[in-house]
Amino acid sequence: MQASNNSFFFISLNEDFSRLGKIHKMLPPPIFNNSKMTIWRIPSAEIEFFKKDTDILSLDVIRYFDCYYLLIPLTKKSIKNLYKEFFDYISHDYEHLIDINRNQENIHNLLKLAKDYINNQKRIVILDYGCGTGISQDIAKKLNMKIFGFDICPSMREIASKKGMIVWEEKDLWLQPENCIDAVISSYVFHFLIDDTYLKLLYKILKPNGIIIANFHKNKNRDFIDLSLNKIGFKIIRTQISERKEGHGTYVIYGK
Ligand SMILES: C[S@@+](CC[C@H](N)C(=O)[O-])C[C@H]1O[C@@H](n2cnc3c(N)ncnc32)[C@H](O)[C@@H]1O
């Protein structure tokens with residue numbers, strides 16, 4: 001579904017309908033639903049009323065890519081499921097919804113930081129955590145780095161795989177041997193709440209001096225991720241603000 005100036009899209013997991021109270025009854029017929037998620041189109045003229053109603057109910061509604069409003073569930077497991085379903089739904093439009101030059105620049109910065117930090121002669125092995133449509137594949141190739149992708153969303157993985165990227169799902173993360181990856185990069189992903197289970201798997205597959213490098217746009221969720229990684233055994237090695245005006249936020253390097 002392409003972005004539109006005339007309407008917005010409201011997205012909720014089906015399990016959250018009861019939290020919507022009377023808003024649920026006032027919404028128009030859905031434009032999409034499956035067993036987990038429902039999407040309604042709200043005309044732009046009505047969006048202010050809608051926002052007021054969600055404010056009154058203190059619902060945590062996040063605006064994404066300008067035209068999507070996501071009702072954020074209460075548990076971490078459901079939040080993960082919402083993003084999984086949402087990215088599945090928009091996967092084929094993803095590269096039109098983002099400013100692709102911006103993401104390419106960010107991924108390039110993350111990979112360069114990894115290369116400069118690791119600074120050895122061998123071909124560095126990278127995991128792109130939340131690889132999306134696999135934008136990093138060509139950039140890593142130019143930098144002579146070997147890259148694998150991981151994403152929770154099956155259709156994102158499929159698109160990345162069509163670009164020639166080797167893409168892992170959760171079971172592949174479990175199957176990897178210990179100490180096999182030099183660095184993990186994560187571009188525009190760590191602002192989502194990432195499960196400890198995944199962060200522990202990253203710890204397992206990273207080599208002893210391995211690193212995670214992520215950008216935190218507007219520093220969102222930085223405290224949560226810092227704390228979660230610290231509990232697992234990671235230490236913050238360096239932080240750096242991206243140079244670009246209205247940039248990619250803070251780059252944080254965590255060491256194993
Ligand atoms: C904004 S996109 C970024 C994609 C890519 N890194 C880029 O810069 O273009 C976020 C990606 O993270 C994935 N994602 C969301 N939550 C995730 C999680 N908990 N673990 C792994 N991937 C996740 C989504 O499926 C989506 O592909």
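In listed order, ligands and their atoms are each counted from 1. Side chains included, hydrogens not; waters and symmetry mates left out as well; all remaining heavy atoms used.
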Item to complete: For residues 17-28, pull every pair meeting side chain to side chain donor-acceptor pair (under 3.5 Å), keeping only residues two or more places apart or in separate chains.
Response: Asp16-Arg19
Discussion item. Enumerate the ring-ring contact (aromatic ring centres under 6.0 Å, His included) contacts for residues 133-161, please, sequence neighbours excluded, ordered by first and then second residue.
Written reply: Tyr129-Phe150, Phe148-Trp168, Phe150-Tyr198
Discussion item. Restricting to side chain to side chain donor-acceptor pair (under 3.5 Å), what partner residues turn up for Asp151, sequence neighbours left out?
Written reply: none
Practice prompt. Taking only heavy atoms of the protein into account, state which residues are under 4.0 angstrom from an atom of ligand 1, in chain and number order.
Written response: Tyr64, Phe87, Tyr94, Asn103, Ile107, Tyr129, Gly130, Cys131, Gly132, Ile135, Phe150, Asp151, Ile152, Cys153, Met156, Ser187, Tyr188, Val189, Phe192, Ile194
Item to complete: Kindly confirm or rule out a cation-pi arrangement of Lys80 over Phe192, judged by NZ or CZ under 6.0 Å from the six-membered ring centre and within 45° of its axis?
Response: no
Fill in: Student check: side-chain heavy atoms of Met37 and Phe32 closer than 4.5 Å
yes
Worksheet item: With the threshold set at 4.0 Å, does a side-chain nitrogen-carboxylate oxygen contact exist between Glu170 and Lys84?
Response: no
